[in-house]
K.L.:
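A single structure is presented below for examination.
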Amino acid sequence: AEVEKLASPYPLPTFYREFLRMMGRGAGQCMRGSDFFYPRILGHQESLAIELEDEGAPQLPEDAFVIYSHQGYAWGFLRLADDPAYPVYG
């Protein structure tokens with residue numbers, strides 16, 4: 001049910017929904033310093049949009065879904081309208 005709360009104009013890729021169902025709340029020391037667990041990912045979209053605006057950088061594409069941040073300076077996102085491979089952009 002929590003995974004479905006990640007509403008988006010595009011459906012989340014199956015592999016990403018499965019990842020969240022299996023490891024979505026944490027993985028111990030794995031990837032320490034990176035935020036890609038639920039519920040912290042809920043604020044990533046807005047945080048990155050604000051950071052990009054503050055820096056005068058181009059904004060995220062309309063179909064972007066931010067899936068992680070690393071210590072607030074590195075970000076990764078999926079383009080949900082992409083092909084099934086769904087590369088991660090950063």
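No experiment lies behind these values; they were computed from the predicted model shown.
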K.L.:
If you define the side chain from C-beta out and look only at heavy atoms, does anything of P58 sit under 4.5 Å from L52?
P.N.:
no
K.L.:
Please tell me whether W75 and L60 are part of a single hydrophobic cluster in this structure, the criterion being side-chain heavy atoms less than 4.5 Å apart.
P.N.:
yes
K.L.:
Please check if V88 and Y16 belong to a single hydrophobic cluster, counting links between Ile, Leu, Val, Met, Phe, Trp and Tyr side chain heavy atoms closer than 4.5 Å.
P.N.:
yes
K.L.:
So, taking the atom named CZ in F15 and the one named CG in L78, what distance separates them when rounded to the nearest 0.5 Å?
P.N.:
5.0 Å
K.L.:
Return the CD to CD distance between E51 and E46, rounded to the nearest 0.5 Å.
P.N.:
13.0 Å
K.L.:
Rounded to the nearest 0.5 Å, what separation is found between the CG atom of L12 and the CZ atom of F65?
P.N.:
5.0 Å
K.L.:
With rounding to the nearest 0.5 angstrom, report the CD1 to CD distance, I50 to Q45.
P.N.:
11.5 Å
K.L.:
Only counting residues at least two apart or in another chain, list the ones meeting ring-ring contact (aromatic ring centres under 6.0 Å, His included) with Y68.
P.N.:
none
K.L.:
With the 4.5 Å side-chain cut-off for hydrophobic clustering, are L20 and L80 part of the same group?
P.N.:
yes
K.L.:
Taking all atoms of both residues into account, what is the closest heavy-atom pair of E53 and Q59, and its distance?
P.N.:
N-NE2, 3.3 Å
K.L.:
Rounded to the nearest 0.5 Å, how far apart are CZ of R79 and CG of D63?
P.N.:
4.0 Å
